[in-house]
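Notes follow the structure.
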Amino acid sequence: MQTEKMEKTVIETVSKLEKLKIGDSLAAELSWCWNSYKYDQNPVGLIEKSQKAVELFKEVREKNSRAVSKKLVEDLEKFLN
């Protein structure tokens, strides 16, 4: 995935996590992992936190499909594959 698209997806994910107030400190951790990835190009932490975000978003979508866009979940899954 292109770095610009990946950055946009991560920023949207962090924003959505903060807005929904889910995942405790996941938004901050994901943001930190993104900045770390930009510095060292090591995606391990970024992938781990993104997987947790996908799981949370899927749980939220089961309860309320409008809370998290399907596109955001799909974009995150593309990044993970």
If you measure from [atom1] on [X] to [atom2] on [Y], what distance do you get to the nearest 0.5 Å?
X: Thr13; Y: Leu26; atom1: OG1; atom2: CG; value: 9.0 Å
X: Lys52; Y: Leu17; atom1: NZ; atom2: CG; value: 12.0 Å
X: Lys78; Y: Lys71; atom1: NZ; atom2: NZ; value: 6.5 Å

Does [X] come within less than 4.0 Å of [Y], counting only side-chain N to carboxylate O?
X: Lys70; Y: Glu77; value: no
X: Glu4; Y: Lys8; value: no
X: Asp75; Y: Lys5; value: yes

[X] side chain to [Y] backbone, donor-acceptor under 3.5 Å:
X: Asn64; Y: Val60; answer: no
X: Ser15; Y: Ile11; answer: no
X: Ser69; Y: Leu72; answer: yes

Is there a side-chain contact between [X] and [Y], using heavy atoms and a 4.5 Å cut-off?
X: Trp34; Y: Val14; value: no
X: Val10; Y: Tyr37; value: no
X: Ser50; Y: Leu30; value: yes

From CA spacing to verdict: side-chain contact (heavy atoms from CB on, under 4.5 Å), Val73, Phe57 = CA-CA 7 Å; Val73 174; Phe57 287 165; 3.8 Å; yes
Treat each ILVMFWY residue as a node, draw an edge where side-chain heavy atoms are under 4.5 Å apart, and state whether Trp32 and Leu46 are in one component.
->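 As far as the 4.5 Å side-chain criterion goes, Leu46 and Trp32 are not connected within one cluster.
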Crowding at CG, Asp40 (>12 non-hydrogen neighbours, <6.0 Å) | yes
Can you name the closest pair of heavy atoms from Ala53 and Leu76 and give their distance?
-> CB-CD1, 4.3 Å
Nearest non-hydrogen partners of Lys49 and Cys33, listed with the distance |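 Taking every non-hydrogen atom into account, CG-SG, 3.8 Å.
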Sequence-distant partners of Glu7, salt bridge (charged side-chain N to carboxylate O under 4.0 Å, His left out), two or more places apart |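 With neighbours one apart ignored, the set is Lys38.
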